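Okay, so here's the structure we're looking at.
Keep in mind it's a predicted model, so treat the numbers as computed, not measured. In what follows, chains are A, B, ... by sequence order, proteins preceding strands, each numbered from 1.
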Amino acid sequence: MYVSSSSRRASSAGADASGTAAVLPAPAVRAGFAARLIAWQRQHGRHDLPWQNTRDPYRIWLSEIMLQQTQVSTVIPYYARFLARFPDVAALAAAPLDDVMALWAGLGYYSRARNLHRCAQAVVEQHGGAFPASVDALAELPGIGRSTAAAIASFAFGARATILDGNVKRVLARVFGVEGFPGEKRIENAMWTLAESLLPSSTNDADVSAYTQGLMDLGATLCVRGKPECGRCPFAADCVANATGRQRELPAARPKKAVPRRRTWMLVLCDGDAVMLEKRPPSGIWGGLWSLPEAADETALAERAHAFGANGAVSPLAPLTHTFTHFKLDIEPRIAELGRGVGATVAAGDAETAWVPLRDIDAYGVPAPVRKLLDGLQGSLL
DNA sequence: GATTCGTGGCC
DNA sequence: TGGCCAAGAAT
């Protein structure tokens, strides 16, 4: 046992409600935690994910970026397509950003894709094509923060550095009884300190990897948000949440906020089997993706349609609602046909446009709800 | 420090 | 159905 029952609750780690400094577990506790986690990972952890069993920093980096705020099952097919198209960092750096965006389309958080491309170019141009091995140097690169840098450094280079992702926050909050919402800066700082204190003393590469992977595996497979399997957990006997039946309350939930609702009108302008796409600005929602021309209301969309060369009806399609993390978007699609003799050119506005046959849509990075809309149209237009 | 960034799965 | 959030980072 790595912590006595008498001292456990009194020394609940991290910040307390009064805001006092973090109270770290005793040294014996820290050593016991890592050793037990490593042993558990080797026996019960995950060992066959596509980005495991390699020390190639490129493959590890790519997986870590894709896995930011994204579940494993979602990432797997994207990861396979990326590796097939861009087998190494030089290939990725040399590719047009548009190709990267097209492969990323549907995965979300598109700044990750833009930073991925910038990072690949920085590795080639500033590091001779090889990822730097230190946490600090990795964290200087675009899209790599403190936690991702630690993950890459530990898996690829055996660095003794801790991650702090959603899995780790959940495990630490429960095992050590860390109160407060982990998204709050004060709580997160306390968790970083706690996580650092729990690192294994061993600098053996295999131990370091197993420890980092164990943190992720425990949170992803046993210490899950909904119904944690405490009966199988190596820390069940010492877990504050398990001892007090507070698994449902730890970690503390994000404070609730009302999600605003926005509404937009989208134009499906057709020329035979092709539709007109418009490139979105590089930042903001769906930044750098190709989408349908938009307007803020019905009238403005009709004006845009006619300016683009539509001379017939602008007809409604079935509306759809898309839910983002921080707002809901009601989409009002309208469809129109390019006038005969107008030709497949448009009076260009500020944005870049392209006529794309629906069968070629895969070559363009298109947001998920727009992609669904166009997929639903494919039968009727062809 | 609080916001802004997607999408899909789960209950 | 709708709330919640996942291998977070940048601003």
Side-chain angles (χ1 to χ4, degrees), chain A residues 45-46 49-52 60-79 101 104-116 118-119 138-155 162-171 181-189 191-192 195 209 212-221 223-227 248 251-262 280-289 291 320-329 365-372:
Chain A
R46 297 172 293 183
L49 294 169
W51 39 86
Q52 291 185 291
I60 292 165
W61 163 70
L62 179 61
S63 75
E64 292 300 332
I65 301 301
M66 287 187 164
L67 286 161
Q68 288 169 359
Q69 299 286 273
T70 310
Q71 297 193 335
V72 166
S73 58
T74 302
V75 165
I76 286 175
Y78 285 86
Y79 184 74
M101 299 308 293
W104 198 278
L107 197 53
Y109 282 140
Y110 298 98
S111 64
R112 291 185 296 173
R114 299 192 296 272
N115 285 331
L116 188 84
R118 283 208 298 142
C119 182
L138 285 166
E140 292 290 317
L141 292 166
I144 302 181
R146 182 175 177 182
S147 185
T148 299
I152 299 168
S154 65
F155 287 137
T162 190
I163 58 169
L164 186 65
D165 59 15
N167 286 318
V168 183
K169 287 175 177 174
R170 190 168 52 253
V171 169
F181 170 52
E184 188 183 328
K185 199 61 183 176
R186 186 172 62 86
I187 308 301
E188 186 175 329
N189 288 341
M191 285 189 162
W192 273 113
S209 291
T212 300
Q213 190 64 48
L215 284 176
M216 297 170 170
D217 290 350
L218 190 63
T221 65
C223 196
V224 295
R225 184 166 65 95
K227 290 183 179 178
R248 201 165 46 93
R254 171 186 302 276
K256 294 176 184 176
K257 276 194 303 185
V259 294
R261 218 178 174 104
R262 305 178 194 172
R280 298 182 62 86
S283 64
I285 206 81
W286 297 334
L289 293 190
S291 188
L320 55 150
T321 297
H322 188 68
T323 303
F324 294 88
T325 303
H326 49 302
F327 68 95
K328 287 187 176 182
L329 183 65
V366 175
V370 177
R371 176 62 192 264
K372 283 180 190 169

Inset, instruction - Report yes if at least one side-chain N or O of A/T148 is closer than 4.0 Å to OP1 or OP2 of C/dA9; otherwise report no. - result: yes
Legend entry - B/dG6 phosphate, OP1 or OP2, under 4.0 Å from A/R112 side-chain N/O: no
Legend entry - Contact nearer the 5' end of DNA chain B, comparing A/K372 with A/F327: A/F327
Inset, instruction - Look at A/Y78 and B/dT7 and indicate whether a side-chain polar atom (N or O) is within less than 4.0 Å of OP1 or OP2. - result: no
Legend entry - 5'-most by nearest nucleotide on DNA chain B - A/A105 or A/G226: A/A105
Legend entry - Phosphate contact (B/dG6 OP1 or OP2) by A/H322 side-chain N/O below 4.0 Å: no
Legend entry - Of the listed nucleotides C/dA7, B/dC5, C/dC5, the one nearest the side chain of A/R254: C/dC5
Inset, instruction - For C/dC4, take OP1 and OP2 only and decide whether either is under 4.0 Å from a side-chain N or O of A/K256. - result: yes
Inset, instruction - Write down the distance separating the P atoms in C/dA9 and B/dG8, rounded off to the nearest Å. - result: 23 Å
Legend entry - Of the listed nucleotides B/dG1, B/dT7, C/dC5, the one nearest the side chain of A/R225: C/dC5
Inset, instruction - Compare every heavy atom of A/L141 with every heavy atom of A/C119, then report the nearest pair and how far apart it is. - result: SG-CB, 3.7 Å
Inset, instruction - Report the relative orientation of the aromatic rings in A/H322 and A/W286; use parallel for angles under 30°, tilted for 30 to 60°, perpendicular for over 60°. - result: tilted
Legend entry - Residues, nucleotides or ligands: over 12 heavy atoms within 6.0 Å of A/R248 CZ: no
Inset, instruction - Please tell me which of A/P251 and A/G145 maps to the more 5' nucleotide of DNA chain C, matching each residue to the nucleotide holding its nearest heavy atom. - result: A/P251
Inset, instruction - Ignoring backbone atoms, establish whether A/K227 has a side-chain N or O less than 4.0 Å from OP1 or OP2 of B/dC10. - result: no
Inset, instruction - Among C/dA7, B/dT7, C/dC5, find the nucleotide with the atom closest to the side chain of A/W51. - result: C/dA7
Inset, instruction - Can you figure out which of B/dG6, C/dA10, C/dG8 approaches the side chain of A/N115 most closely? - result: C/dA10
Legend entry - Heavy-atom donor-acceptor pair, A/T70 side-chain to B/dG6 base, under 3.5 Å: yes
Inset, instruction - Return the 5'-most residue of the pair A/V72, A/G143 with respect to DNA chain C, ranking by each residue's nearest nucleotide. - result: A/V72
Legend entry - Between A/Y109 and A/W104, ring centroids under 6.0 Å: no
Legend entry - Among B/dT7, C/dG8, B/dG6, the one nearest A/P369 by side-chain distance: B/dT7
Inset, instruction - Determine: side-chain N/O of A/Q69 to OP1/OP2 of C/dG8, distance under 4.0 Å, yes or no. - result: yes
Inset, instruction - Sticking with atom P, work out how far B/dC5 lies from C/dA7, rounded to a whole angstrom. - result: 23 Å
Inset, instruction - Could you tell me whether the phosphate oxygens of B/dG6, OP1 or OP2, come under 4.0 Å of any side-chain nitrogen or oxygen in A/W104? - result: no
Inset, instruction - Return the nearest nucleotide to the side chain of A/R46; candidates are C/dA7, B/dG1, C/dC5. - result: C/dA7
Inset, instruction - Determine, stepwise, if the pair A/T212 / A/L215 fulfils side-chain contact (heavy atoms from CB on, under 4.5 Å). - result: CA-CA 5 Å; A/T212 300; A/L215 284 176; 5.7 Å; no
